[in-house]
Amino acid sequence: MSLYFCTPFKPPDHPRPSGDVTIAQDLCAFMRQQGQHVETVPYLPTDRIWRRPAMWPRLAWRRAALGLSLCRRRPGAWFTYHSYWRAPDLLGPAAAAHGVPYFIFAGAHSPKRAHDRASRWGHDKNLAALRAAAQIFVNKHRDLPALRSVLPESRLSFIAPGIRPDDFAFDRSSREELRRQWRVSTASVVLSVAMLRKGVKTEGIKQVISACARLRARGEDIILVVAGDGPEKEALERLAGYELAGNARFTGFVPREALYKYYSAADLFAFPGINEGLGMVYLEAQAAGLPVVAWDHDARLNW
């Protein structure tokens with residue numbers, strides 16, 4: 001069967017690694033492994049599109065082009081990953097109007113956004129997409145109550161988040177090699193994996209640095225390893241140099257297919273996950289046998 005695959009928030013080939021990109025790539029790969037012919041819909045960024053009038057002509061053109069395309073060749077289904085108030089799916093409902101079965105994975109509904117003038121347009125368009133879909137697949141339990149308030153239970157399906165565990169299995173040779181590189185003998189290695197950009201990711205790493213510094217002050221022999229890159233890397237390195245006095249290692253960017261080596265070399269995975277939508281790194285670390293320390297899933301930055 002031919003499937004059109006749409007990502008309103010981030011395209012599968014986005015250059016910056018993230019959980020959204022990883023899930024989109026994994027969904028495409030899985031459907032292709034099942035024998036489906038998957039065509040990625042040309043990316044139309046809808047993130048707060050109501051604030052970007054320069055995008056409106058492009059949206060109108062894309063909808064018109066989609067209508068003509070569907071008249072010539074209709075796919076077996078339209079599959080959208082991640083539609084919510086901030087980045088609603090504005091193309092899938094048009095496909096549904098042409099009779100194409102329409103499905104959303106990771107659809108979410110936020111009723112409070114209907115009462116906020118700044119987000120009402122996105123809320124309304126997202127709600128229209130949810131109501132047009134034949135089925136909504138949900139990967140977070142906390143999204144279900146709000147969705148049940150606007151959709152029948154029969155159109156909602158929960159699918160637990162997952163990874164391919166074998167891709168992150170423990171590897172002893174990698175553990176020994178990396179610990180030699182990090183000059184670690186008896187110390188415990190605390191690992192964090194994150195994009196080092198401004199905002200909650202960087203605040204989370206700061207929390208880990210602070211926690212490791214407090215533990216070292218109590219006599220714990222700890223080395224912190226941070227895997228990831230981004231504009232805040234140098235500032236975090238300076239902070240870790242001051243707080244941990246040479247007991248931190250920043251690896252830079254690590255391809256996802258090589259992360260199993262770093263999980264294998266660590267003794268503990270720690271990352272707060274402030275405002276984290278899903279947190280694939282926790283599953284990856286656990287697949288390698290690491291104990292995981294994080295904040296409560298719905299925790300918000302409040303200090």
Side-chain angles (χ1 to χ4, degrees), residues 15-19 21-22 25-26 162-198 200-274 276 278-295:
R16 188 174 69 190
S18 71
V21 172
T22 295
Q25 292 172 345
D26 285 352
I163 59 171
R164 296 181 178 88
D166 290 347
D167 290 348
F168 303 95
F170 176 79
D171 182 71
R172 183 166 295 281
S173 62
S174 295
R175 178 180 177 85
E176 293 171 354
E177 174 60 26
L178 284 175
R179 290 174 78 93
R180 278 196 298 270
Q181 292 180 21
W182 298 334
R183 300 185 299 279
V184 173
S185 54
T186 59
S188 297
V189 173
V190 176
L191 174 69
S192 274
V193 177
M195 282 293 296
L196 307 183
R197 59 178 182 264
K198 287 186 177 180
V200 294
K201 301 289 188 185
T202 290
E203 294 302 331
I205 297 298
K206 288 180 179 178
Q207 288 278 322
V208 176
I209 292 171
S210 177
C212 288
R214 292 196 299 271
L215 288 170
R216 285 192 60 83
R218 286 162 40 182
E220 300 291 340
D221 190 9
I222 287 174
I223 298 291
L224 172 63
V225 174
V226 178
D229 205 352
E232 296 301 301
K233 179 173 177 284
E234 289 186 7
L236 289 169
E237 283 182 309
R238 287 194 297 270
L239 177 65
Y242 174 76
E243 296 262 2
L244 297 174
N247 292 290
R249 313 282 188 269
F250 284 74
T251 70
F253 172 71
V254 178
R256 190 168 186 243
E257 59 270 20
L259 277 174
Y260 75 94
K261 300 177 181 179
Y262 293 78
Y263 293 127
S264 297
D267 300 296
L268 177 75
F269 183 83
F271 187 63
I274 304 166
E276 193 72 51
L278 196 59
M280 303 296 285
V281 289
Y282 303 122
L283 302 180
E284 295 167 1
Q286 289 170 333
L290 277 181
V292 169
V293 177
W295 284 10

Taking every non-hydrogen atom, the tightest pair across Leu290 and Ala266: CD2-O, 3.3 Å
Leu259 CG to Met280 CE distance, which is reported to the nearest 0.5 Å: 12.0 Å
Pairwise distance CD(Gln286) to CZ(Phe269) - rounded to 0.5 angstrom: 9.5 Å
Evaluate the criterion side-chain contact (heavy atoms from CB on, under 4.5 Å) for residue pair Val193 and Tyr262; output intermediate values, then yes/no. CA-CA 9 Å; Val193 177; Tyr262 293 78; 5.8 Å; no
Between Asp171 and Ser264 the two heavy atoms that sit nearest each other are N-OG, 2.8 Å
Nearest-0.5 Å distance that lies between atom CD1 in Ile222 and atom CG in Leu215: 4.0 Å
For Glu234, is the CD atom crowded, meaning more than 12 foreign heavy atoms sit under 6.0 Å from it? no
Is Asp221 close to Ser188 at the side-chain level, that is, under 4.5 Å between some pair of heavy atoms? no
Is there a donor in the side chain of Gln181 and an acceptor in the side chain of Glu177, or the other way round, less than 3.5 Å apart? yes
Between Tyr263 and Val281, is there a side-chain heavy-atom distance shorter than 4.5 Å? yes
Contact between Trp182 and Val225 at the side-chain level, heavy atoms closer than 4.5 Å - yes or no? yes
Atom of Ala194, atom of Ile205 and distance for their closest heavy-atom approach: CB-CD1, 4.2 Å
Nearest non-hydrogen partners of Val208 and Ala270, listed with the distance: CG2-O, 3.7 Å
Are Asp267 and Arg179 side-chain neighbours, meaning at least one heavy-atom pair lies under 4.5 Å? yes
Approximate separation, where rounding is to 0.5 Å, of Thr202 OG1 and Arg197 CZ: 8.5 Å
I need the Arg238 CZ to Glu232 CD distance, nearest 0.5 Å. 9.0 Å
Considering non-hydrogen atoms only, spot the tightest contact between Ser174 and Ala265 and give its length. O-CB, 4.5 Å
Indicate yes or no: at least one non-hydrogen side-chain atom of Lys201 is less than 4.5 angstrom from one of Leu196. no
Backbone of Val226 reached by a side-chain donor or acceptor of Arg249 within 3.5 Å: no
If you look at every heavy atom in Ala248 and Leu244, which pair is closest and at what distance? CB-CD1, 3.9 Å
Considering only NZ, NE, NH1 and NH2 on the basic side and carboxylate oxygens on the acidic side, decide whether Asp167 and Arg256 come within less than 4.0 Å. no
Assign the ring pair Phe271 / Tyr282 to parallel, tilted or perpendicular, where the plane angle (0 to 90°) is split at 30° and 60°. tilted
Spacing of Leu268 atom CG and Leu191 atom CG [to the nearest 0.5 Å]: 9.0 Å
